[in-house]
There are 2 protein chains.
Amino acid sequence: MGVTKTQIFTAEQNELATILKVLGNPARIAILQHINNQKDCICNDIVEEIGLAQPTISQHLKELKSIDLIKGEISGKRVCYCINQKKWQEILVLLNDFFDKTNLNYC
Amino acid sequence: MGVTKTQIFTAEQNELATILKVLGNPARIAILQHINNQKDCICNDIVEEIGLAQPTISQHLKELKSIDLIKGEISGKRVCYCINQKKWQEILVLLNDFFDKTNLNYC
DNA sequence: TTTATATATCGCAATATTACGATAATAAAT
DNA sequence: ATTTATTATCGTAATATTGCGATATATAAA
């Protein structure tokens, strides 16, 4: 079917999975790293930095925005992207929670 | 095309993305949580616990095994699954590294 | 006002993922 | 030896994802 059966899982499970899914792509990892390697909010030299077409980058940025992980601010004919610090911290907490709780049964 | 262009990214970016992609599914999140809620390595009451068909669970377990995050030990006609503690810790380090380093530029 | 630049959206092709029924494989129980 | 139970694999349908060319949109520059 290709559809994830979200109904049978908790909101927390779905939320965590959605976030990790968005993060689970090398282009989006690279974009996040690139944004953070700049001192200020950077605009789309991302396209030149990463070897993907402009529409593709734009789409990846959209997905990162969909989980509120980055913000884009219009500045003239450009758009400046930066990390949403608040969300970033929230995700860190979610992940540490998950990794702490699921750490009892091992072999 | 549907294919991720892994060639243009670093091994580290691809590795992290692969791990996060495997984790980015609610069924696999639920499976990991369930394995850890048991005291001992448990076998496929997972199928009963989570509302997915047995082949589907088996496939998800395979993906979790593909990144070495869980181990399956044959025990009679059953297979006992448990977390690979070593890998689990490695992933934690990877994630914390990523989240620490990419934490400078925000808005 | 025309042109250039930057970004987003549309539409599509190729491939990947999710899920499951059918079935195989294996071991325990009878 | 046959049956039952547990898990894995195969094949397939439905849907999602990745990537890009073409094009729209919007602002800056000329």
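The analysis underlying the following values was restricted to heavy atoms, covering all of them including side chains, and did not include hydrogens, waters or symmetry mates. Chain naming here is simple, since letters A, B, ... match the order of the sequence lines and numbering starts at 1 in each. For clarity, every value in this text was computed on a predicted model and none was experimentally measured.
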Roughly how many Å is it from [atom1] in [X] to [atom2] in [N], rounded to a whole number?
X: A:F9; N: C:dT18; atom1: CZ; atom2: C1'; value: 11 Å
X: A:K5; N: D:dA16; atom1: NZ; atom2: P; value: 14 Å
X: A:K62; N: C:dT7; atom1: NZ; atom2: P; value: 16 Å
X: A:I57; N: C:dT9; atom1: CD1; atom2: P; value: 15 Å
X: A:E73; N: D:dT27; atom1: CD; atom2: P; value: 15 Å
X: B:I46; N: D:dT7; atom1: CD1; atom2: P; value: 8 Å

Of all the nucleotides listed ([options]), which has the minimum atom distance to the side chain of [X]?
X: A:P55; options: C:dA27, D:dG21, D:dT7; answer: D:dG21
X: A:Q59; options: D:dA8, D:dG19, D:dT17; answer: D:dG19
X: A:S58; options: C:dG21, D:dC20, C:dT9; answer: C:dT9

Point to revise | Check: C:dA8 base within 3.5 Å donor-acceptor of A:Q54 side chain | key: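 Yes.
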
Review point. NA contact type, A:E48, heavy-atom cut-off 4.0 Å: base, sugar-phosphate, or nothing?
Key: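 Result for A:E48 = nothing.
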
Point to revise | Closest-nucleotide ordering on DNA chain C, the 5'-leading residue of B:T4 and A:L61 | key: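 Closer to the 5' end of DNA chain C: A:L61.
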
Practice item. Let me know, please, whether A:K77 or A:T6 comes out on the 5' side of the other along DNA chain C by nearest nucleotide. Key: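 Going by which nucleotide is closer to the 5' end, it is A:K77.
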
